[in-house]
Amino acid sequence: MVFLFFLSNFAAEFISYMGKKMLFPDYIFESSWEVCNKVGGIYTVLSTRAKTLQDKMPDHIIFIGPDCWKEKPCPFFIEEPALLASWKQKMAKKEIFVKIGRWDIPGKPIAILVDFEPFYKHKNDIYARLWELYQVDSLHAYGDYDEASMFSYAAGLVVEYFYKELLSPEDKVVYHGNEWMTGLGLLYIQHRLPQIATVFTTHATSIGRSIAGNNKPLYDYLFAYNGDQMAGELNMQSKHSIEKQTAKNVDCFTTVSDITANECKELLDKEVDVVLPNGFEDNFVPAGAKFTTKRRLARKKLLHMANCLMGTELDDDTLIVSTSGRYEFRNKGVDVYIEAMNRLLRDKELKKTVLAFIEVPGWVGEPRKDLVERMESGKTFDTPLEVPLISHWLHNMSHDNVLSMLKYLNMWNRKEDKVKLIFLPCYLTGDDGVLNSTYYDIVLGNDLCIYPSYYEPWGYTPLEAVAFKVPCITTDLAGFGLWAQKEGASEIEQGVKVIHRTDYNYSEVADSIKDTVAAFSQFSKQQVQKARTNAGALSKKALWQHFIQYYYQAYDIALSKAECRKNQES
């Protein structure tokens, strides 16, 4: 059967955006460390957006990711040996080894996974050339810098040889890289194939995240920080250097929110060309009776686990709240969340018992056998287990930030406490050994979700919460929080409560969370339903069908610059 991929090229398509005729690519190559590699939020960005582009340009959107799996099967990738088989053989002769198939996500776009390890032997030469051309400092590299750079270089070679052997000079081509890990490949393409338009998206600047993660005030002093100086101070020279030079040299530099755009301007000395807010698709949200059934089951599981752990008899009238995300104790606001729950213990306005969860992956050891035995016994218990704060044992029980703060605040989930807090320190992938449910099957059981982030360029967790009709609390230091405010949502009745947060108002944020939860505990069924309905309605405004237009704008900017280079050469 002839593969349709080769039958025709897209004619150069023009689309209209805000009254302006815009160039649109015939082919898009997009690379990320998280293509077919589920390790963070960028996976969600790319995997949910893929179908929108695949529908518009079938099999002309091609994702490039790292082959991290080697001989083991990748659970997110469906290999198709017949797909681009002859080109794959030519690549192998050049010692570029790839797997070709489909990303197992809605739309099933083409994905190419590249083996980057053979390029380590050329690392010094690659870095030397990078310095000569773009003054990228790779001398201070450590950790994942080499790994990411070799992948990025390999991805650049994939784009180069695909273009040279399978496409034509008339094709309008965009190469889009995500995060500093793809910078080397973008610069390689910019130099070697100037006819290809380049787009670079930083989802969070490496130096900004480092400043925040090292407990330094980021926002009040942002105007005064020198990115290069801070990179030296925080030992981030190489990552900062590749990110900065990529931002300055690609055709179109983008980020995901206005707050990160300002960060780029101050720390990378480069203003973004366009902001690309993170949309999503809601095909993972059940509807109708299935939603009701799943919500009931999620609450039943959470309450059963909590009662077995603490020896309590919490019922369905309990107010269930949670926070989740990466284990960035300060950046994600886990610290202020715990502080708020501690203050809520003594709040006289609280009218319901609160069961609060922290769902962030720690250095997890194993599921608690004593807890699992209780859960499987079918019995009820009136005495708590030892350490009734956590569902899984950790390797570092005595040095964990969450447990240390709970101990410091003397929070032990006593029977008389109206606020109980439980740490779920593992990825909820359905096989954690205790709940054995996925995150999406658990989050819809919440009454409120709370994400008081200090550093959050966008924020998928609150967006996912409102998609499940769970009202949430976030801050105006999160890109999602700023967007929600622009859409008219700033109070919990509107589906999202957006709290003003600065470098120094930790206590005020904790009080605002406490007050919001206490107020919500007094809501009538009608008020709760209204908040839930508003949350769901807000999420519909963030679907990719609304946000994809910003990507079209980025493609146009990049292609226009590439066209200028072509015209100058001719």
Side-chain angles (χ1 to χ4, degrees), residues 40-41 44 212-213 298-299 302 305-306 318-345 354-362 364 389-392 400-406 409 411 413 419-428 432 435 437-468 470-481 484 492 495-499 501 506 509-518 520-521 535:
T44 307
R299 294 180 66 81
L302 290 169
M305 185 267 283
T318 303
L319 195 67
I320 300 178
V321 306
S322 73
T323 194
S324 57
R326 285 191 302 273
Y327 200 160
E328 295 180 19
F329 193 63
R330 181 190 185 220
N331 285 356
K332 296 295 184 183
V334 178
D335 53 353
V336 75
Y337 172 82
I338 296 173
E339 179 64 38
M341 295 302 105
N342 182 56
R343 296 183 185 190
L344 193 60
L345 275 165
V354 172
L355 176 59
F357 289 95
I358 297 174
E359 298 160 2
V360 299
V364 66
L389 307 167
I390 191 166
S391 60
H392 296 64
D400 177 78
N401 283 332
V402 168
L403 295 181
S404 295
M405 186 168 181
L406 292 174
L409 294 173
M411 296 177 70
N413 292 339
V419 178
K420 322 280 189 183
L421 197 151
I422 296 174
F423 185 19
L424 274 165
C426 55
Y427 287 106
L428 294 176
D432 61 88
L435 288 176
S437 293
T438 66
Y439 177 73
Y440 284 159
D441 283 338
I442 288 296
V443 70
L444 81 173
N446 283 267
D447 295 296
L448 284 175
C449 286
I450 303 171
Y451 309 103
S453 301
Y454 174 75
Y455 185 82
E456 188 71 82
W458 177 248
Y460 254 114
T461 44
L463 180 51
E464 290 168 336
V466 295
F468 283 104
V470 180
C472 73
I473 302 170
T474 186
T475 75
D476 58 3
L477 291 185
F480 172 81
I492 202 66
V496 177
K497 167 71 175 180
V498 182
I499 297 172
R501 184 158 192 194
Y506 174 98
V509 172
D511 274 339
S512 185
I513 295 169
K514 169 187 73 71
D515 293 342
T516 303
V517 176
F520 194 84
S521 74

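For the pair Arg330 (side chain) and Tyr454 (backbone), a donor-acceptor distance under 3.5 Å is absent. Judged by distance alone, with hydrogens and angles left aside, the side-chain atoms of Asp447 form a donor-acceptor pair with the main-chain N or O of Ile320 at under 3.5 Å. The main-chain N or O of Asp335 is found under 3.5 Å from a side-chain atom of Tyr506 such that the two form a donor-acceptor pair. Side-chain N or O atoms of Asn446 include none that pairs as donor or acceptor with a backbone N or O of Cys449 at under 3.5 Å. Panel note: side chain Asn331, backbone Glu456; no donor-acceptor pair is recorded below 3.5 Å. Looking only at distances, no side-chain donor or acceptor of Ser404 sits under 3.5 Å from a matching main-chain atom of Asn401.
Annotation for Gly481 and Thr474: closest pair CA-CG2, 3.8 Å, computed over non-hydrogen atoms. Minimum interatomic distance between Ile358 and Phe423 (heavy atoms only, all atoms of both residues): O-CD1, 3.3 Å. Among all heavy-atom pairs drawn from Phe480 and Cys472, the shortest one is CE2-SG, 4.4 Å. When every heavy atom of Tyr337 is checked against every heavy atom of Leu421, the shortest pair comes out as CE2-CD1, 4.3 Å. Residues Ala510 and Val336 come closest through the heavy atom pair N-CG2, 3.7 Å. Considering all non-hydrogen atoms of both residues, His392 and Asp432 come closest at NE2-O, 2.9 Å.
With contacts defined as side-chain heavy-atom distances shorter than 4.5 Å, the pair Tyr439/Leu424 does not qualify.
Note that CG of Leu406 is 8.0 Å distant from CG of Asn413, once rounded to the nearest 0.5 Å. The line from CG of Asp515 to CD1 of Ile492 is 12.5 Å long, rounded to the nearest 0.5 Å.
Of the residues Lys514, Met341, Arg343, the one that meets the side chain to side chain contact (heavy atoms under 4.5 Å, CB included) test with Val419 is Met341.
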Q.
Applying side-chain contact (heavy atoms from CB on, under 4.5 Å) to Lys332 and Thr323, what does each step give before you reach the verdict?
A. CA-CA 9 Å; Lys332 296 295 184 183; Thr323 194; over 6 Å; no
Q: Give the intermediate values and the outcome of side-chain contact (heavy atoms from CB on, under 4.5 Å) for residues Asp441 and Leu435.
A: CA-CA 10 Å; Asp441 283 338; Leu435 288 176; over 6 Å; no
Q: Kindly indicate, with the supporting measurements, whether the criterion side-chain contact (heavy atoms from CB on, under 4.5 Å) is fulfilled by Leu477 and Ser453.
A: CA-CA 7 Å; Leu477 291 185; Ser453 301; over 6 Å; no
Q: Evaluate the criterion side-chain contact (heavy atoms from CB on, under 4.5 Å) for residue pair Lys497 and Phe520; output intermediate values, then yes/no.
A: CA-CA 11 Å; Lys497 167 71 175 180; Phe520 194 84; over 6 Å; no
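Side chains of Tyr440 and Glu464: a donor on one and an acceptor on the other come within 3.5 Å.
For Tyr427, the OH atom counts as loosely surrounded, since its 6.0 Å shell holds 12 or fewer non-hydrogen atoms of other residues, nucleotides or ligands.
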